[in-house]
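Bear in mind that the values here come from a model prediction, so they are computed numbers and not experimental data. For the single chain, residues carry numbers from 1 onward in sequence order.
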Amino acid sequence: MQSTALTLSPLTPLLRPLNKNPNHRYGSLWNLSSLKSLGLLRSINGLSFQKASHLSSCFRFNARRINESFLISDGRCDGFKVRAIPVPGNIGDTNDSSGLATSMQLGAMFAIWYILNIYFNIFNKQVLKVYTFPATVTAFHFGCGTLMILIMWASNLYHRPKLTRSQLAVIIPLAIVHTLGNLLTNVSIGRVNVSFTHTIKAMEPFFTVLFSVLFLGEWPTFWIVFSLIPVVGGVALASFTEASFNWIGFCSAMASNVTNQSRNVLSKKFMVKNEETLDNINLFSIITIISFMLLVPAAILLEGVKFSPSYLQSAANQGLNIRELCIRSLLAGFCLHSYQQVSYMILQMVSPVTHSVGNCVKRVVVIIASVIFFQTPVSPINSLGTTLALTGVFLYSKAKQLKPKPKVAS
């Protein structure tokens, strides 16, 4: 429930009280009929008044007195503004409802993030299983993302950034490692089970800490180092008992950890500029476009042109017809770019630690969903290793919240 109060905002020090006693209160309601007789009231529309026309000579007028009289002074008439101010009837209820709406919006975004990630991994694995050209598939994913970004900018759904040469010089190295990270992840998914790839990718915190020490000189706390023990041990245990294990899949997933975390460290080191920096969404959008431009010629060089009917037909012979292959490739590209965009939107709303915890939960959800969908055989020891690794990632996220106590000078 809201009430509305009218207040006056003088454009100049126009009004002053006759009685300068500071204990007196001055009313804010004016006699509308007296204003109208002077030609000051021109229209009323939703509790707002238009500015009075400038009068050629000084004049005095009497307003209906509520608590005190007011007098026009300063030798001129400059006019005034009247505005309606909404006064909440219950501020606490408004804040509670606003907080609830924000929480519901954030929960919906997390759910969308997880669902899109699940479907991306499913569609991507189905495509890579029969169409064994990861560079071409990854370039196609970046192409889908580039098309979505151009549509977003052209339709003004999001503002188009203005890039400087210095910004571009910093973004290109980030785009290179981003391209390598996505390519290596797809190589791994094409070779081993989705669940195993994501178990290996749980090693990301280890490389974050390692590169932060090497390049930034940031030494971890005891609890961060302690949380990495179950991460490393869990990944090792899961690797030893993984039915689909092969060295190409394992090494490519581990290499994707290296590239992704080096990208994050490079971002932290080089993106501190005096000039206006890009927001997360536009930064990701530009990286995606550059990655597409980089990977298309690289894919042709590495794998050749694989969109010929013969290659598509060979994929169709392994379980997916050409129509299904194209649809799943499009859906995978859409889901990849969409979930990454949603991830950056969430990062703008929550702290990095909260986002890291959400990413850990997302990995758990993706592993469980892929095991169920693809009916992946999982041994008890493999399950224990995966659980240990993911528990370590969660502990790492919580350990980052603990700030070391400042040393008291003696």
Side-chain angles (χ1 to χ4, degrees), residues 102 105-106 108-110 112-113 116-117 120 135 137-186 204 208 211-212 215-216 256 259-299 330-356 358-359 362:
T102 302
Q105 178 187 3
L106 196 57
M109 292 178 68
F110 268 99
I112 294 172
W113 184 22
L116 289 172
N117 206 301
F120 162 71
V137 170
T138 308
F140 185 78
H141 292 165
F142 285 139
C144 291
T146 299
L147 180 61
M148 293 171 65
I149 292 165
L150 295 178
I151 293 174
M152 177 182 69
W153 286 344
S155 59
N156 291 324
L157 293 176
Y158 203 81
H159 66 279
R160 185 175 58 185
K162 294 181 179 179
L163 274 179
T164 62
R165 290 185 178 180
S166 58
Q167 285 178 327
L168 193 60
V170 172
I171 293 173
I172 289 177
L174 301 179
I176 292 173
V177 292
H178 178 75
T179 304
L180 289 173
N182 281 267
L183 174 59
L184 291 168
T185 299
N186 280 343
E204 285 181 350
T208 299
F211 292 144
S212 295
F215 299 115
L216 303 179
S256 73
T259 55
N260 288 334
Q261 297 316 302
S262 62
R263 176 195 61 197
N264 296 340
V265 172
L266 285 172
S267 299
K268 188 174 182 180
K269 183 175 182 179
F270 295 117
M271 290 304 287
V272 179
K273 297 287 183 181
N274 292 327
E275 58 189 299
E276 184 179 356
T277 57
L278 297 171
D279 60 82
N280 287 335
I281 294 178
N282 272 331
L283 176 60
F284 168 70
S285 299
I286 294 170
I287 287 176
T288 299
I289 294 174
I290 296 175
S291 296
F292 173 66
M293 297 171 63
L294 292 173
L295 193 54
V296 168
L330 284 171
L331 290 175
F334 169 79
C335 290
L336 173 65
H337 183 76
S338 298
Y339 93 70
Q340 289 181 332
Q341 283 279 23
V342 172
S343 175
Y344 277 100
M345 292 169 64
I346 293 174
L347 186 58
Q348 289 183 332
M349 299 175 63
V350 301
S351 67
V353 174
T354 302
H355 188 273
S356 179
N359 192 55
K362 178 211 72 177

Side-chain donor-acceptor contacts of residues 141-154 below 3.5 Å, not counting sequence neighbours, with atom names and distances?
unit_1, atom_1, unit_2, atom_2, d
T146, OG1, F142, O, 2.8
W153, NE1, N282, OD1, 3.3

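- L183 and A135 make their closest contact through CD1-CA, 3.4 Å (heavy atoms, listed as atom of the first residue, atom of the second, distance).
- For Y158, the side chain to side chain donor-acceptor pair (under 3.5 Å) partners two or more places apart in sequence, or in a different chain, are D279.
- Heavy atoms of other residues, nucleotides or ligands lying less than 6.0 angstrom from CE of M349 number more than 12.
- Contact annotation: the side chain of W113 never approaches that of M345 to less than 4.5 Å [non-hydrogen atoms, C-beta and beyond].
- Annotation: side chain of Q340 is in contact with side chain of N182 (closest heavy-atom distance under 4.5 Å).
- With values rounded to the nearest 0.5 angstrom, L174 atom CG is found 9.0 Å from I290 atom CD1.
- Take N117 and apply the side chain to side chain donor-acceptor pair (under 3.5 Å) test, not counting sequence neighbours, and it matches N121.
- Listed by chain and number, the residues in a side-chain contact (heavy atoms from CB on, under 4.5 Å) with L180 are I176, T259 (sequence neighbours excluded).
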List, one per line, each side-chain donor-acceptor pair under 3.5 Å for residues 332-339, sequence neighbours excluded.
unit_1, atom_1, unit_2, atom_2, d
H337, NE2, Q341, NE2, 3.2
S338, OG, F334, O, 2.7

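- Across all their heavy atoms, G181 and S256 have their closest contact at O-CB, 3.6 Å.
- T179 is linked by a side chain to side chain donor-acceptor pair (under 3.5 Å) to S291, counting only residues two or more places apart in sequence or in another chain.
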